[in-house]
Amino acid sequence: MSFVIRKIISSSKCPRPLAPYSQAVVADRTVYCSGVIGIDLNEPKLVAGGASAQAAKALEHLANLLNDAGSGIDKVVKTTVLLADMNDYAAVNDEYKRFFGNNFPARTCYAVSQLPLGAAVEIEAIGIVGDVKHETS
């Protein structure tokens with residue numbers, strides 16, 4: 001019988017979880033990253049500057065988490081973006097475009113009534129671990 005490896009990822013380069021969840025879990029060759037918000041690394045406090053700054057910090061944390069899981073931003077296949085206010089959509093998109101360049105993963109974006117610590121944005125991702133051959137149609 002063959003087994004699928006399930007590995008819990010805990011990165012010191014990302015803020016500690018605020019609740020009982022893992023930062024990421026690798027199952028076989030897929031990494032599932034929990035939602036990250038734009039908080040300082042050493043304390044649960046949102047970065048100043050609103051949605052744009054929070055999105056940039058959240059994406060920085062996400063990159064660190066993916067790297068520690070053996071993946072990377074170029075191997076992300078799906079993200080989910082949660083916004084506390086859809087009026088921040090354009091500002092968050094600007095940071096998102098800067099972060100991913102032109103190799104965009106599939107994405108869903110929702111407006112929600114509230115995020116942890118009053119955050120403006122939360123971003124989660126699913127990526128691939130290992131070598132990936134990129135193709136376009």
Side-chain angles (χ1 to χ4, degrees):
M1 174 186 256
S2 118
F3 293 95
V4 172
I5 302 297
R6 180 180 182 272
K7 181 180 178 182
I8 302 296
I9 304 299
S10 180
S11 174
S12 63
K13 299 174 192 157
C14 295
R16 298 178 64 127
L18 301 172
Y21 61 85
S22 298
Q23 291 174 318
V25 176
V26 174
D28 198 18
R29 294 187 60 203
T30 305
V31 58
Y32 300 88
C33 298
S34 293
V36 293
I37 59 176
I39 60 177
D40 292 330
L41 182 59
N42 298 317
E43 58 183 284
K45 180 181 172 186
L46 293 167
V47 296
S52 180
Q54 288 180 34
K57 182 56 81 173
L59 290 164
E60 176 186 322
H61 293 322
L62 190 59
N64 289 333
L65 184 55
L66 287 161
N67 287 334
D68 284 0
S71 186
I73 62 167
D74 62 324
K75 297 176 184 178
V76 173
V77 296
K78 173 75 168 73
T79 63
T80 302
V81 177
L82 305 171
L83 298 174
D85 184 345
M86 282 305 278
N87 290 320
D88 292 329
Y89 188 76
V92 171
N93 274 341
D94 288 343
E95 292 300 327
Y96 191 91
K97 286 187 280 191
R98 185 184 60 73
F99 182 76
F100 282 107
N102 60 1
N103 186 22
F104 300 116
R107 182 178 97 170
T108 304
C109 182
Y110 298 103
V112 297
S113 65
Q114 192 173 351
L115 290 168
L117 300 178
V121 61
E122 181 173 359
I123 304 170
E124 66 180 29
I126 300 170
I128 303 298
V129 175
D131 294 330
V132 174
K133 180 180 176 186
H134 296 278
E135 295 183 1
T136 58
S137 62

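Everything numeric in this text was worked out from a predicted model, so none of it was measured.
- Taken to the nearest 0.5 Å, the OH atom of Tyr89 stands 8.5 Å off from the CG atom of Leu83.
- Listed here is the closest heavy atom pair of Met86 and Ala111: CG-CB, 3.4 Å.
- In the hydrophobic cluster analysis, where Ile, Leu, Val, Met, Phe, Trp and Tyr join through side-chain heavy atoms closer than 4.5 angstrom, Ile126 is grouped apart from Ile123.
- Leu115 is not connected to Val92 by any chain of hydrophobic side-chain contacts under 4.5 Å among Ile, Leu, Val, Met, Phe, Trp and Tyr, and they are in different clusters.
- Scanning all heavy atoms of the two residues, the minimum distance from Gly70 to Lys75 falls at O-NZ, 4.2 Å.
- Two residues are said to be in side-chain contact when any heavy atoms from C-beta on lie closer than 4.5 Å; Leu18 and Ile37 meet this criterion.
- A side-chain donor-acceptor contact under 3.5 Å links Ser34 to the backbone of Ser22.
- Interatomic distance, CG of Asn67 versus CD1 of Ile9, reported as 11.5 Å (0.5 Å rounding).
- Other residues, nucleotides and ligands contribute over 12 non-hydrogen atoms within 6.0 Å of the NZ atom of Lys78.
- One N or O on the side chain of Arg29 and one on the backbone of Val129 form a donor-acceptor pair closer than 3.5 Å.
- Residues Ala51 and Val121 come closest through the heavy atom pair O-CG1, 4.0 Å.
- Looking at every heavy atom in both residues, Ala119 comes nearest to Ala84 through O-CB, 3.6 Å.
- Side-chain atoms of Ser52 and Asp94, non-hydrogen and from C-beta on, never get closer than 4.5 Å to each other.
- Not a single donor-acceptor pair under 3.5 Å links the side chain of Glu60 to the backbone N or O of Cys14.
- From Asn64, atom CG reaches atom OG of Ser11 across 6.0 Å, with rounding to the nearest 0.5 Å.
- Atom-to-atom distance recorded for Leu82:CG and Thr108:OG1 is 9.5 Å, nearest 0.5 angstrom.
- The number of heavy-atom neighbours closer than 6.0 Å to CD1 of Ile5, taken from other residues, nucleotides and ligands shown, is 12 or below.
- Contact between Lys13 and His61 at its shortest, heavy atoms only, is O-ND1, 4.0 Å.
- Listed for the Gln54 side chain is a donor-acceptor partner under 3.5 Å among the backbone atoms of Ala120.
- Atoms CD and CD, on Gln114 and Glu122 in that order, are 12.0 Å from each other to the nearest 0.5 Å.
- Heavy atoms of other residues, nucleotides or ligands lying less than 6.0 angstrom from OH of Tyr110 number 12 at most.
- By the rule that hydrophobic residues join a cluster once side-chain heavy atoms approach within less than 4.5 Å of another member, Leu117 and Val81 end up as members of separate clusters.
- Under a 3.5 Å cut-off, the side chain of Ser71 and the backbone N or O of Ile128 do form a donor-acceptor pair.
- With values rounded to the nearest 0.5 angstrom, Tyr96 atom OH is found 8.0 Å from Leu59 atom CG.
- Val25 and Leu62 fall into different hydrophobic clusters, where Ile, Leu, Val, Met, Phe, Trp and Tyr side chains are chained together by heavy-atom contacts under 4.5 Å.
- Hydrophobic clustering (side-chain heavy atoms under 4.5 Å, transitive across Ile, Leu, Val, Met, Phe, Trp, Tyr) groups Val132 together with Val77.
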Quiz prompt | Residue pair Asn93, Arg107: steps toward the side-chain contact (heavy atoms from CB on, under 4.5 Å) verdict | solution = CA-CA 11 Å; Asn93 274 341; Arg107 182 178 97 170; 2.8 Å; yes

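- Between Glu95 and Ala55, the shortest heavy-atom distance links the atoms CB-CB, 4.1 Å.
- Annotation: side chain of Glu124 is not in contact with side chain of Tyr32 (no heavy-atom distance under 4.5 Å).
- Listed for the Lys45 side chain is no donor-acceptor partner under 3.5 Å among the backbone atoms of Asp40.
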